[in-house]
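Some notes on the structure that comes next.
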Amino acid sequence: MVCGVKTLGQFIIEKQADFPYAKGELSRLLRDIGIAAKIVNREINKAGLVDILGDMGTTNIQGEEQKKLDVYADKQFIAALTSGGECCIVATEEEDEIIHIDSPVSQNARYIVCIDPLDGSSNTDVNVAVGTIFSIYRRKSLEGRASLTDVLQKGTEQVAAGYVIYGSSTMLVYTTGKGVNGFTLDPSIGEFCLSHPQMKIPENGYMYSVNEGNYVHFPDGVKKYIKYCQVEDEATKRPYTSRYIGSMVGDIHRNLIKGGIYIYPTTSRSPNGKLRLLYECNPMAFIIEQAGGKASTGFERILDINPTELHQRVPVFIGSKNMVEKAEEMMLLYTEKS
Ligand code: P6P
């Protein structure tokens, strides 16, 4: 215990017993991610003072402009995972193809990491919370070089998932399937310290997060649900509050603590939704389900989807159990399943 609190490193080692077969590899992998998060946090916190804001002048496979911080974060996490030696493949939003980690220390690496190094990065120029989202799988292939097949696993196969939110404070929130725990970075000692043990999302919430600028392009079921949120009804504390900050990590983190629902449905510009299954929806779904919430496409559980492509997008309804179920009810009643 450092100054009376439990650090991330101590917690990980303490929980290692949850994995009878693990010999510390997953613990070391989570440590590596924590180290990279601290390095990225340092750059974000002084962004504006150094030439790290703004655009790279390049685009990623998503066709999205890459921010300097996007590329910086991507390189930091890849470097940490490479030197840590526990990861054999990194699948990142910022790279078209999977990255094979072929360093001498990674010869026997068993883990796959899918990562969005800096989600919501368009917010960095305007000082709004951004985040890193990660998902960890064990490779399925037993010999030879791991491949894309090892990456395209259902969300139910995740061994761990988490996010870092670079906000008014910097937090790392993760699960290994035994509940959700949150750690706040104490800059005075450079350690993530346990601040939110066994996080649970309220079954009911009174906030909804969706980009209503796309309203005219939403499926009818989403339009009906938004109208449901806006109707005056004292018994169910409606109208709900609309909160959408343009950063999935920021919106979902708030909803995890206070209750709420985040929705990114299909739109005309995003016929499959905008958020990526492997490194945004699956890890967030694992975390929210472990905290007692729900995550679906409006029709099916996110974690049950069989991935077919690396940067596959899916619609996402995620948050408080009763709110997601109400939205699913509206989708079933009013929207044809595509
Ligand atoms: P829109 C950020 O680019 C992101 O992936 C999520 O973090 C965020 O919730 C969403 O896209 C914002 O998208 O289309 O509403 O600007």
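First listed ligand is number 1; within each ligand, the first listed atom is number 1. Worth knowing before you read on, the calculation uses all heavy atoms, side chains too, and leaves out hydrogens, waters and symmetry mates.
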Hey, does [X] come in under 3.5 Å of ligand 1, counting only N/O atoms on both sides?
| X | answer |
| --- | --- |
| Met248 | yes |
| Asn211 | yes |
| Asn214 | no |

Go through the side-chain N and O atoms of Glu300 and Ser296 and say whether any donor and acceptor fall under 3.5 Å apart.
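Per modelled atom types, Glu300 and Ser296 side chains form no pair under 3.5 Å.
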
Without hydrogens or angle criteria, can the side chains of Asn255 and Arg243 be said to hold a donor-acceptor pair below 3.5 Å?
no

With atoms numbered from 1 as shown, which atoms in ligand 1 lie under 4.0 angstrom from a non-hydrogen atom of Tyr244?
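With Tyr244 as reference, the close atoms of ligand 1 come out as 1 (P), 9 (O), 10 (C), 12 (C), 13 (O), 15 (O).
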
Is the terminal nitrogen or CZ of Arg139 (NZ for Lys, CZ for Arg) located under 6.0 angstrom from the six-membered ring centre of Tyr111 and within 45° of that ring's axis?
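Not satisfied by the 6.0 Å and 45° rule.
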
Check each heavy atom of Leu275 against ligand 1 and say whether those closer than 4.0 Å belong to the side chain, the backbone, both or neither.
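The answer is the side chain.
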
Give me the ring orientation class for Tyr215 and Phe218: parallel if the planes are under 30° apart, tilted from 30 to 60°, perpendicular past 60°.
perpendicular

Report the relative orientation of the aromatic rings in Tyr174 and Phe183; use parallel for angles under 30°, tilted for 30 to 60°, perpendicular for over 60°.
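Rings of Tyr174 and Phe183: parallel, as their planes differ by under 30°.
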
